[in-house]
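Below is one structure, written out as structure tokens; comments come after it.
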Amino acid sequence: MVDISTTLSGIKLDNPVIPASGTFGFGYEFADYYDINILGSISFKGTTAEPRFGNPTPRIAECTEGLINSVGLQNPGVEKVVNEELPHLAKFYKKPLIANISGFSLDEYKLCAEKMDAVDQVGIIEVNISCPNVHGGGISFGTNAAAAASVAKTVRSVTNKPVYIKLTPNVTDITEIARAVEAEGADGISMINTLLGMRINLKTKKPVIANKMGGFSGPAIFPVACRMIYQVYEAVNIPIIGMGGVRSADDVIELMLAGASAVQVGAENLVNPYACKDIIEALPEACEKYGINKLSDIIGGAH
Amino acid sequence: MNKGIYKIIENKCIAPMVYKMVLSGDVSHITAPGQFINIALEGFYLRRPISVHDVDREAGTVTVIYKVVGRGTEAMMNMTEGELDVLTGLGNGFDTSLSGDHAVVIGGGVGVPPMFLLAKELIAEGKKVTAILGFNKKEEIFCEDDFKAIGADVIVATADGSYGVKGFVTNALETVEAPTFYYACGPEPMLKALYNASELDGQLSFEERMGCGFGACMGCSCKTKYGNKRICKEGPVLRKGEIIW
Ligand SMILES: Cc1cc2nc3c(=O)[nH]c(=O)nc-3n(C[C@H](O)[C@H](O)[C@H](O)COP(=O)(O)OP(=O)(O)OC[C@H]3O[C@@H](n4cnc5c(N)ncnc54)[C@H](O)[C@@H]3O)c2cc1C
Ligand SMILES: Cc1cc2nc3c(=O)[nH]c(=O)nc-3n(C[C@H](O)[C@H](O)[C@H](O)COP(=O)(O)O)c2cc1C
Ligand code: FES
């Protein structure tokens, strides 16, 4: 029997497969399709202090082997998430959750982290730092090492739960950001978020997305994710949750070889609602094929 | 929702650049007219949402009618056999219990297809149905005879007056005697014109670019008077009174 379990900051996962934030709602709707308790964990929809409608539509543009989204963090706000969405999810999912939080100011990150800290089922707080800082001229927290570090420090100060900072790939040197958040006490890194992209409609001759630009993800970005995880693995000593274009058990193994301790699946859930289930079921056989007895042994094996 | 492999039984041209495709497979998840299916096409990352035109529960087939507007539908146009990975039973669909005894079903262009299954079900419930089918010109008309065959009164409106009533579906609606409710699907300007032109209550079906089609991504959200809704999940059909225009 192949052992496909893995560990994130002392939390044991039955397998490394986790649906990525924003592509799985608050999880329970997928319980109509399969038993979601098979999942390693769930990273639920990015939560902000206040309810957000998000960006105008169209929010979606198709790309070759991927899509651009500009949902704009639509979510019911942290109060409702904690009081309604998570209790509902708890009826279907019994394992530790990954709480994905977002903010447009340090205070907002702090508030969301405090609320999530109080939820027993939350195992890890995953901090999306790709949002623009309203007090910093709209520059994304995640593209500046000092700003990224300040988010890590703020969240760290209000919770004892493991804090994973989710990095944006839209930077010159991702290892610099990774080191900066590690220095402020981050327990782990989630990577990568979407790449900034654009499609133009040839008939209207205007961008497809109402907000013009959006986040590009899906299989097309897999090599970028793989490269960045490989680089960050060498730069820090904290675990990495890898993601970006994962759609098969082979992809999971590849990102773990690059340095990921667990793997998230994003866009693929949207085109195949059974994606995570299919990958989990295919993992033991894929491991056997590559002579792997214990999956966690291969983390960073490509180095 | 069901994810299944559906066999292409038929795919034929019924009007310029408009095709009718019959798929066989599990149709048990299709529970209401106005729902849609989401078709995966080889070489395209996202699925293509298309409304259910008809369901044959005994034969186990679902029929869609689509217009060729881009690369995905262009690829579909040339499929004569084989299998497709399809999600079925998506969206809320129309509610036939709202109709009263004289329902008007209104379709504009490729908004016509979903109105057929709706008309069929309303008629099966013993209601009078008037179907208003709007097209740009005579050559583009399809499905007129299908609606007649199930016993609906049919009014065709063409924008250029080359067939039937000259003008838009709103002009045709004015001529209908004692309607109790309307159901509509078509381009947004048509829906908006209907919304403004008539006092009658109704249900309207909307389109939006979709990431998933089953409620997971928030790609298709819209604001309504009763909160945010996902076109793919709480829609595509909205009640007139909740629409914000
Ligand atoms: C709920 C719903 C029901 C629909 N029912 C029908 C129907 O019965 N018959 C029919 O002909 N068409 C219908 N459409 C529109 C149909 O989905 C598009 O025409 C089709 O996706 C175009 O694909 P393409 O690759 O040819 O075009 P492209 O423009 O090349 O497609 C590029 C991307 O944009 C998306 N897209 C393009 N146009 C639309 C649109 N109008 N709505 C949503 N997404 C779009 C495509 O799905 C794809 O992801 C429906 C749309 C929705 C949302
Ligand atoms: C529709 C959509 C919504 C997303 N929303 C969020 C979000 O709320 N918070 C977040 O941290 N990442 C969000 N992401 C990014 C994903 O979690 C993931 O990092 C990225 O898409 C790369 O993985 P993939 O290629 O498997 O999709 C979103 C992605 C998509 C496609
Ligand atoms: S298209 Fe994904 S939620 Fe509607």
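Chain naming here is simple, since letters A, B, ... match the order of the sequence lines and numbering starts at 1 in each.
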query: Which heavy atom in A/Cys63 sits nearest to a heavy atom in B/Tyr45, and how many Å separate them?
result: O-CB, 3.8 Å
- prompt: In Å and rounded to the nearest 0.5 Å, what is the CE to CG distance from B/Met210 to A/Leu270?
  reply: 12.5 Å
query: Does the ring of A/Phe53 carry B/Lys223 above it, NZ/CZ under 6.0 angstrom from centre and within 45° of its axis?
result: yes
message: Within the structure provided, determine whether B/Leu87 and A/Pro273 are in side-chain contact (heavy-atom separation under 4.5 Å).
response: yes
message: Only pairs of heavy atoms separated by less than 4.5 Å count here; which of B/Cys222, B/Gly43, B/Ala216 has the most with chain A?
response: B/Ala216
- request: Examine whether an atom of A/Asn69 lies under 4.5 Å from a heavy atom of chain B, and if so say whether it belongs to the side chain, the backbone or both; otherwise answer neither.
  value: neither
- prompt: If every non-hydrogen atom of A/Ile60 is compared with every non-hydrogen atom of B/Cys217, which pair is closest and at what distance?
  reply: CD1-SG, 4.4 Å
- prompt: Would a distance-only check, ignoring hydrogens and angles, find a side-chain to backbone donor-acceptor pair under 3.5 Å from B/Arg209 to A/Arg59?
  reply: no
- prompt: For B/Lys229, does the NZ atom sit with more than 12 other heavy atoms under 6.0 Å from it, leaving out its own atoms?
  reply: yes
task: Salt-bridge test for A/Glu29 and B/Arg230: reply yes if a basic N is under 4.0 Å from a carboxylate O, no otherwise.
output: yes
message: Using heavy-atom distances under 4.5 Å, tell me whether A/Ala267 contacts chain B through its side chain, its backbone, both, or neither.
response: both
message: Tell me whether the count of non-hydrogen atoms from other residues, nucleotides or ligands lying under 6.0 Å of CD in A/Glu50 goes above 12.
response: no
query: Closest heavy-atom contact between A/Glu62 and B/Leu46?
result: OE2-N, 2.8 Å
- request: Go through the steps to decide whether A/Asn75 and B/Met218 satisfy the test side chain to side chain contact (heavy atoms under 4.5 Å, CB included), and finish with yes or no.
  value: CA-CA 9 Å; A/Asn75 79 93; B/Met218 299 304 212; over 6 Å; no
message: Between A/Phe26 and chain B, with a heavy-atom cut-off of 4.5 Å, which part of the residue counts as in contact: side chain, backbone, both or neither?
response: neither
field: Within 6.0 Å of NZ in B/Lys225, more than 12 heavy atoms from elsewhere
entry: yes
- prompt: Is it true that atom NZ of B/Lys67 has more than 12 heavy atoms of other residues, nucleotides or ligands lying nearer than 6.0 Å?
  reply: no
query: In terms of heavy-atom contacts, does OH of A/Tyr33 have more than 12 from other residues, nucleotides or ligands at under 6.0 Å?
result: yes
Shortest non-hydrogen separation from A/Thr57 to B/Glu208 and the atoms involved: OG1-OE1, 2.9 Å
